Amino acid sequence: MSGALREPWRSLRRQREAAAFGTWIFLGGEAMLFAGLILAFAVMRALHPAGFILAGRETEVALGTANTAILLTSSLTMAVAAEAARAELRRATLWGMGLTLALGAAFLAVKGFEWSSDLEKHLFPGDGFALAEPSAQIFFALYWIMTSLHAMHMLGGMTVVAWLGWQAWRRARPLRSPAFEAAALYWHLVDIVWIVLYPLLYLGGRAP
Amino acid sequence: MNHITPAIPAPDAIPHEEPSYLTAERGIGSWLLTTDHKRIALLYMAALTAFFFIGGAGAVAIRLELFTPKADVLTADGYNRMFTLHGTVMIWFFLVPSIPTTLGNFLIPLMVGARDLAFPRLNLLSWYLFIFAGAVLIYALVAGGVDTGWTFYTPFSTTFSNGYVLLAGLAIILAGFSSIATGVNFLATIHLLRAPGMGWFRLPLFAWAIYGTSLVMVLATPVLTAVLLLVIAERGFGLPVFDPSRGGDPLLFQHLFWFYSHPAVYIMILPSFGVISEIVTCFSRRNVFGYDFMVYAILWIAIAGFLVWGHHMFVSGQSIYASLAFSFLSFVIAVPSAIKVFNWTFTLYRGQITFEAPMLYAVGFIGLFTIGGLTGLFLASIPIDVHVSDTYYVVGHFHFIMVGGAVSAFYGGLSFWWPKITGRKYPMTWARFAAILMFFGFGFTFFPMFIMGYLGMPRRYQVYPEEFQVWHVMSSAGAVLLAGAYLLPMGYLAWSVFWGEKAEDDPWNATGLEWSTSSPPPRDNFRTPPEVDEGPYFYHPEGEGPGHDHGDPHRDQVRTP
Amino acid sequence: MRRGIGEEVPRTLPAILRHVLPVWLALLVLLGASLALAYAPLHGLNGAVSLGIAAVKAILVAVFFMNLRRPDPLLRLAGAASLIWMSFLFALTFADLTARAPQTQPQAGQGRDSEPPMRQPF
Amino acid sequence: MIRFWPATASDVAAQVDQLTGVLLAICGAILLLVGCLLLGFSIRYRRGSSAKRGALPEIVSREVEVGWTAATLFLALFLFAWATGMELRANPPQPDAIEVHVLARQWMWKTRHANGAQEIDALHVPRGEQVRLLMTSQDVIHSFFVPAFRAKQDVLPGRLTELRFTATETGTYNLFCAEYCGTLHARMGGTVTVMEPEDFARWLAVQPRGDDLAREGAALFVSLGCAGCHGDRRGGSATVRAPKLEGVYNSPVPLQDGRVVTADEAYLRDSILQPRRDVVAGFPNVMPSFAGLVHEEEMQRLLAYLRSLKDAP
């Protein structure tokens, strides 16, 4: 398996299209996964507007905003890496992927701070929950589920990026391999998911 | 898998041919690490057989218990665990993967003229995921027991159930990943690996059916993952979303669950539509009647199948207006199924029909599926559904579709493509007998359920009023026949692998790319990459020219002078 | 041959950056806008505004970073499919939710009965 | 004796059976058609028969296909319209319906008549009068199912569901729980007894009657401290200004945010459990939540009391 071309393909162009298409379908599925959770959020928001507004004020908006900026920037570096890989610009690819990994790690670090601050403020549903309104617990249930599922996706994405970056570094994988673009697509989807979660979890209930 | 290889004649018996996929490589490693779609299909077949036996054991326990109105064999919890085992294993580990992962895996690349699926290693990965998920589920069912039923309704599953619900949920999520990977693979293959000249309307209907199935798999399964994650979060981590005591909504669970689980019915039945189309056209020597309508019907079902889930919720407390919308859409989806039944029937018209075992399965399928489909009309009507929902009527209905339908088609497809898969022929008399036995055994087992369901026998009841006993006895007796009909083919098919007569490349004189290569096919499927310049079906009765109703595949019923 | 995923890609780093940097800047500006508008008194429209901005950001990422601007109908189809199916999910679930009889809506805060459930009714 | 058809003991049951009968006839006809075609073609066009083959005749073509697609669609729409019409007309709510509260729990049914008479795993109703069941569950989802009435409704925790029926035949009928609810789901059943109205009245009169619901509710109203603020103006020592509750049931209530809602069961229940959500216009937002303090049975008593409060003249 020396070149980028793999069985059962006969042309790299076709293979690249299949990698992109396959990834897109898979991302369609991923989008449905988060759509299910967001539906749960929307339904509960509609049933308990007061509790959700109350609870929405408790999330760490500064950290959430910072994380959004970090993730948007990581999408930039990942896009550069994917384009550079296709153009076979080795240094730019490696830099792009390295920066993406660093930004991803920064995102998770900020997320970790945020979670521990939430725990200190007793924002984990259950006995001793900080807010009296019962439905506020539902908001935070969804907050924990969505952010941790998203973080798991980040970890998955970082694993893939690290693996591909390592292979590119070792020259074990030709830069023309469609895998770089597929990984970038996945990374961008994880970014898009966060873009949607951000207003739901951090911006609700801020207005006077 | 070494036991298969001795049965294959030594390659030097046919010196001009390269070895088949079965003999191309040897050793257990060559099977467990294979990326050959044909070998992976056989791996799936082995796994599915095991799961079929496990799920079947659950059915045996249930039918045994229901022989009398009292609790004689199982404890109350034991019974609940048995029907949960039967449901979860049969749905997620047999019916959903059955035809796509075995026949689909084996045939799709052959039918579109490709060397393999688009992502061969993903294909193998999805098998391992499936096996691992199955192991986790079996562990959960055996070690702790799960008593939620396959529907995992909240708040029972999140708060009240005693059992390994978390593990079972995890297993089903993993099986879902496997299902999604399989779907992605088929979609990419059918889109991008068709042989030169293989236009969309030259695809065999089986490929179309798998295409529709894959679409549903990829778009529906993630929602099941989401809802099971919510159940796991609530049960395992105390994160309430459905808990009524904190304002949660159990109906939200049902919406999300049925958004997957109703389309899942189409995951189970669409592939069998494809199988039946292939069989009926071959054995009646007549092109499929209304090919393009068949295609549109598949797509119609694949898309509209997502819009009817609320008919599972007519008595749940769902809004009556939503129920009306769902009832309407449910009636509408009856239409494409009716198109298919009529088209199969009219494919027979003016044919030259022979009744080999696959055809007997297919004819039986049409009959049973018609009953299953028509009984669905009762369930789409709200007033009747209110009466029969959660009764044996529903149990009868979905068994007609999924067992009378999907499982019959699975056995039919297996007997149709068996010579291609193994290169061996099986004893036809036995096979015909098994097909007929299956039809009658099935009828005896499941038809009484409609009657007792309408009489009011609720499902998931271990003990029941005596007035229902006569129907349960009938059903249990039929189940004995049915079990025989399921075991018989396993016997003679296994026999054929060792002692069966060697099959020709095209034993049924069928058309379609898969029959143009050798039986069993070589590792790379085709010795020369195929090119296609006509539709998939080219059948005609003996003594008639091939052109009489053949032509432009868009208009395969062209009137010729 | 249909133009698949284009081979007409930028070949140099500056060319690539010229493509992506403006998008990134736009994304950051939108992020700032959505944060600021969340605190503005918009009379209950805050949610709609911030979700609208999120949609614009998502579209920017999909079109420019995920290469939907390339003329590949297949990818656009795949991208559109999940949106259509999401609309099925949302539309029909809300059809139920918004039309339920008021008493069948869940009511928050009702404690579970303090008595333990009766285990042996017979 | 083997039964083929369930007892028909409510007005809806007769209609449902009619619909079932017609659907059976239609489906039987379709099945017969498909069966005859399958069998007929299989015999006539078996290999070796001398039947005419050759090209399909003109008539069997796309037009036929379009024809049966359209026919199936119209049939489906007709059935939909009929079934839906029946559903919408069935059991319109009647003001003088007999109201019975149903509480489901693992694994028993508790029913409670308006006068306080309680039954377990049983329900007595008069023939010919509409019965309105207000149901809730204490734990998981159950489903109240009386096959002879063709009536079924899930019973959910945390909310009320409603089931209306009018029995037409006296007798004793099975009551089942139809939604799987755990270990003894199969034993969660009982009987529904339909009596002549005068027998029912006699039966009801001799039931050991606890206090009736409303009277118990009144006691709760005092013991929970509600009366402290909402108590009557005549002897109350109300220091806090709270809305008066006489005649509030089913009357329009203006809220602080300008909306006007009807004070139905749902609103009243909400106001007890989540008083800060919809505050009545002109009153301070001071009422504490009774969530966790009032359990489901007590809630039913309180609501019965509130319903019984007529507007003082």
Side-chain angles (χ1 to χ4, degrees), chain B residues 76-77 80 149 153 155-156 160 244-245 250 290 293 315-317 324 327-328 331-332 334-335 338-339 341-342 345-346 348-354 363 366 370-371 374 377-378 381-384 386-387 389-390 451 454-456 458 460-463 465 467 470 541 544 548-549 557 559-560, chain D residues 2-4 6 15-16 19-20 23 27 30-31 34-35 37-38 41-42 45-47 53-56 58 60-62 65 68-69 72-73 76-77 79-80 83-84 86-87 90 139-141 143 145 147 150-154 156-158 161 174 176 178-187:
Chain B
D77 276 327
N80 297 341
Y153 267 24
F156 182 72
F160 291 85
S245 72
F293 274 79
V315 296
S316 69
L324 294 186
S327 165
F328 174 77
F331 272 111
V332 168
V335 177
I339 292 178
V341 168
F342 279 118
T345 309
F346 264 75
L348 301 180
Y349 179 59
R350 296 201 169 182
Q352 184 182 29
I353 308 164
T354 52
V363 174
I366 300 174
T370 306
I371 297 178
L374 288 172
L377 290 179
F378 293 78
S381 335
I382 301 177
I384 303 179
V386 166
H387 174 50
S389 77
D390 282 314
I451 300 170
Y454 199 80
L455 287 171
R460 295 172 171 173
Y461 264 35
Q462 179 200 21
V463 294
E467 55 180 293
V470 57
E544 308 226 358
H548 69 277
D549 51 23
Q557 312 301 345
R559 306 163 198 95
T560 42
Chain D
I2 302 178
R3 287 189 87 108
F4 286 91
Q15 295 174 27
V16 171
L19 182 61
T20 306
L23 258 173
C27 292
I30 296 175
L31 190 63
V34 171
L37 285 176
L38 268 183
F41 288 163
S42 293
Y45 297 109
R46 71 191 184 278
R47 184 193 173 121
R53 265 71 180 207
L56 295 175
E58 283 287 313
V60 186
S61 59
R62 293 177 80 83
E65 183 96 57
W68 67 50
T69 306
T72 322
L73 189 62
L77 294 184
L79 289 174
F80 166 72
T84 303
M86 175 177 296
E87 178 65 20
D139 35 50
V140 301
I141 301 178
S143 192
F145 176 35
R150 315 283 185 275
K152 185 184 289 129
Q153 174 62 55
D154 280 8
L156 285 90
T161 50
N174 281 327
F176 294 121
E179 185 61 66
Y180 174 67
C181 59
T183 309
L184 294 183
H185 166 59
R187 295 185 194 270

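Not measured: the values here are computed from a predicted model. Below, chain A is the first sequence line, B the second, and so on; all start at residue 1.
- Considering CZ of D:R3 and CG of B:L455, their distance stands at 7.0 Å, rounded to 0.5 Å.
- At a 4.5 Å heavy-atom cutoff, the contact between D:A178 and chain B is made by backbone and side-chain atoms alike.
- Side-chain atoms of D:T183 and B:D77 form a donor-acceptor pair, as typed in the model, at a separation below 3.5 Å.
- A pairwise comparison of heavy atoms in B:P155 and D:I141 identifies CD-CG1, 4.0 Å as the closest pair.
- Options D:Q15, D:E87, D:M86 differ in how many heavy-atom pairs under 4.5 Å they form with chain B, and the most are formed by D:E87.
- In this structure, B:H387 and D:T20 have side chains that are not in contact, with every pair of non-hydrogen atoms separated by 4.5 Å or more.
- Between chain D and the options B:V470, B:T370, B:I384, heavy-atom pairs under 4.5 Å are most frequent for B:I384.
- Here the OG1-CD1 distance, from D:T72 to B:I339, works out to 7.0 Å after rounding to the nearest 0.5 Å.
- Residue D:R46 holds its CZ atom at 14.0 Å from CG of B:L348, rounded to the nearest 0.5 Å.
- If you measure heavy-atom distances from B:V463 to chain D, the contacts under 4.5 Å come from both the backbone and the side chain.
- With chain D as partner, the option from B:P383, B:P465, B:G149, B:A76 having the largest number of non-hydrogen pairs under 4.5 angstrom is B:P383.
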**Report entry** Audit row: B:S327, D:F80, side chain to side chain contact (heavy atoms under 4.5 Å, CB included) steps and yes/no
**Finding:** CA-CA 7 Å; B:S327 165; D:F80 166 72; 3.4 Å; yes

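- Both the backbone and the side chain of B:F328 come within contact range of chain D, judged by heavy atoms closer than 4.5 Å.
- For chain B, the nearby part of D:F145 is the side chain; its heavy atoms alone come within less than 4.5 Å.
- With contacts defined as side-chain heavy-atom distances shorter than 4.5 Å, the pair D:C181/B:F156 does not qualify.
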Report task. Determine, step by step, whether D:Y180 and B:N80 satisfy the side chain to side chain contact (heavy atoms under 4.5 Å, CB included) criterion, reporting the C-alpha distance in whole Å, the side-chain angles of both residues, the deciding distance to 0.1 Å, and the verdict. Result -> CA-CA 9 Å; D:Y180 174 67; B:N80 297 341; 3.1 Å; yes

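- Listed here is the closest heavy atom pair of D:C27 and B:L377: SG-CD1, 4.0 Å.
- Note that CG of D:D139 and CZ of B:F160 are 5.0 Å apart. Values are rounded to the nearest 0.5 Å.
- Ring geometry for B:Y349 against D:F41 counts as tilted: the plane angle lies between 30° and 60°, on a 0 to 90° scale.
- The candidate from B:V341, B:T354, B:L324 with the greatest count of non-hydrogen atom pairs under 4.5 Å with chain D is B:L324.
- Distance NE2/D:H185 to CD/B:Q462: 11.0 Å, rounded to 0.5 Å.
- For chain D, the nearby parts of B:F378 are the backbone and the side chain; heavy atoms of each come within less than 4.5 Å.
- Ring orientation note: the planes of D:W68 and B:F346 are tilted relative to one another, at an angle of 30° to 60°.
- In this structure, B:V363 and D:L38 have side chains that are in contact, with non-hydrogen atoms separated by less than 4.5 Å.
- Residues D:K152 and B:S389 meet the side-chain proximity criterion, which asks for heavy atoms closer than 4.5 Å.
- Side-chain contact between D:L79 and B:F331 is present, with heavy atoms from C-beta onward closer than 4.5 Å.
- A distance of 7.5 Å separates CG in D:L37 from CZ in B:F342, rounded to the nearest 0.5 Å.
- Between the side chain of D:R150 and the main chain of B:V386, no donor-acceptor pair closer than 3.5 Å is present.
- Heavy atoms only, all atoms of each residue included: D:Q153 and B:G317 are closest at NE2-N, 3.5 Å.
- For D:L31, the parts lying under 4.5 angstrom from a heavy atom of chain B are both the backbone and the side chain.
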